[in-house]
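This report refers to the structure that appears directly beneath it.
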There are 2 protein chains.
Amino acid sequence: MSVENLITYFHNYVPLNSKEKEDLRTRVIVKKIKRRQFILQEHDVCRHYSFVVSGCTKMYSIDKNGAEHNIQFAAENEWIMDIGSFHSERKSLLNIEAIEPSVILQIDKPTLIHLYQNHPKFCRIFRVIIENKFIELQNRLLQNISSNAEERYLSFLEQYPHLSNRLPNTQVASYLGITPEFLSVVRKNIAQK
Amino acid sequence: MSVENLITYFHNYVPLNSKEKEDLRTRVIVKKIKRRQFILQEHDVCRHYSFVVSGCTKMYSIDKNGAEHNIQFAAENEWIMDIGSFHSERKSLLNIEAIEPSVILQIDKPTLIHLYQNHPKFCRIFRVIIENKFIELQNRLLQNISSNAEERYLSFLEQYPHLSNRLPNTQVASYLGITPEFLSVVRKNIAQK
DNA sequence: GTCTACCCTTAAACTATCTTAAGCCTATTT
DNA sequence: AAATAGGCTTAAGATAGTTTAAGGGTAGAC
């Protein structure tokens with residue numbers, strides 16, 4: 001049962017009691033997602049926090065020229081959602097899509113509110129989760145304003161070895177904010193050193 | 001009394017009761033900061049969440065060539081801290097410095113823990129604060145991987161009019177991830193349209 | 001099994017951004 | 001009042017990154 005993966009994950013933050021586990025088991029939604037299937041589409045409201053049990057997903061925006069820009073990947077034990085749309089209940093400008101066949105767990109807003117109100121522990125857990133996501137994002141932004149493409153690529157390889165093996169380079173380029181052609185040049189330069 | 005500014009600020013999230021206000025009044029530290037004074041220096045641990053009552057501050061990193069890269073500004077009613085260093089208690093790689101003479105309020109870790117343990121409301125408040133900071137940062141990152149310097153500058157002007165008036169362009173350039181000279185060119189191009 | 005769509009690479013020409021250097025202006029320090 | 005440091009602009013030459021186009025490889029679709 002894949003909800004157990006989430007319970008184990010939460011346990012790494014704070015141990016859960018049986019009532020808390022029970023609430024998760026009865027309320028969390030399990031979904032099997034095919035490659036290229038959407039978890040969230042632009043113009044819809046993001047209704048769930050999604051936790052990836054297996055597989056890999058990406059969140060991206062499409063610009064006025066139709067180009068995709070990857071904001072985030074999420075593989076095993078990572079969260080993915082448009083948190084702005086989720087809380088405001090306004091239409092999202094982002095897409096979330098499976099890169100590999102995936103199993104995800106979803107928590108909708110009523111469930112999240114239920115968890116917060118009945119088990120204050122979850123407020124702490126999700127505060128820490130979002131703090132960690134914030135730190136990660138801030139580091140990435142700093143990289144983007146202070147480093148060139150080669151440095152950003154090397155740092156991506158170092159920080160996400162489990163992703164760089166699995167992802168096509170087109171996806172990595174979109175994440176780094178460069179074209180696939182230029183990533184190819186960057187890789188060639190690195191190889192020649 | 002400037003702690004009242006913070007109380008009013010929290011009130012906009014959730015009303016506080018008198019015990020909660022009292023705890024803030026007795027525990028929050030008030031500081032007057034001169035222009036160019038440091039609130040946090042690289043190699044120190046970030047020991048406080050800082051709330052700007054008046055004035056303006058910036059957080060930046062210094063790269064291997066000695067260049068500064070602005071990660072965040074914080075003016076009236078905004079928070080600034082190296083949240084990674086604060087929680088891990090590891091040495092920060094960042095600096096926080098006043099751009100204008102400022103008054104700030106500081107919450108240290110024992111106080112924050114006290115607030116979380118005695119008033120669960122604060123866990124919710126800070127979760128929402130950090131969620132909002134996360135959304136803002138994610139939008140900025142998206143801009144950085146998908147837009148050129150002119151688009152990023154225009155969007156900065158639109159989103160932070162209260163800052164763009166007060167900041168020297170060198171600081172804005174460092175925030176956008178471009179050189180001051182190139183920002184000058186960008187501004188000229190915009191003016192000529 | 002064949003086919004198609006996607007992925008990766010290369011190169012040439014183009015555009016965006018940086019570097020260096022200089023000059024001017026204004027606020028602050030002496 | 002003079003001196004200095006910081007901030008803004010301009011321009012020329014250098015480097016980083018994009019665009020377009022083409023060719024070859026490979027995995028999933030039929």
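Here is how names work: the chains are called A, B, and so on, in the same order as the sequence lines, proteins then strands, and each is numbered from 1.
For the pair A:R140 and A:Y175, the distance from NZ or CZ to the six-membered ring centre is under 6.0 Å and the angle to the ring normal is within 45 degrees. Judged by a 6.0 Å distance limit and a 45° cone about the ring axis, B:R187 is not positioned over the six-membered ring of B:F182.
For the side chain to side chain donor-acceptor pair (under 3.5 Å) with B:E100, the lone residue among B:R166, B:K34, B:R36 that qualifies is B:R166.
In this structure, A:K188 reaches the C:dA11 phosphate: one of its side-chain N or O atoms is under 4.0 Å from OP1 or OP2.
For the pair A:I99 CD1 and C:dC6 P, the computed distance is 15 Å after rounding to whole Å.
Less than 4.0 Å separates DNA chain C from at least one heavy atom of each of the following residues of residues 143-155 of chain B: B:N148, B:A149. Of the residues in residues 162-187 of chain B, B:G177, B:I178, B:T179, B:E181, B:F182 come within less than 4.0 Å of DNA chain C through at least one heavy atom, sorted by number.
For the pair B:F86 and B:D108, the tightest heavy-atom approach, listed with the atom from each and the gap, is CZ-C, 4.2 Å. Of all non-hydrogen atoms in A:E78 and A:F73, the two that sit nearest each other are OE1-O, 4.1 Å.
Under the side-chain contact (heavy atoms from CB on, under 4.5 Å) criterion, B:H11 pairs with B:I7, B:P15, B:L16, B:K21, sequence neighbours left out.
By the 4.5 Å heavy-atom criterion applied to side chains, B:F126 and A:I130 are not counted as neighbours.
Using a cut-off of 4.0 Å between Lys/Arg side-chain N and Asp/Glu carboxylate O, B:E22 and B:R25 are scored as salt-bridged.
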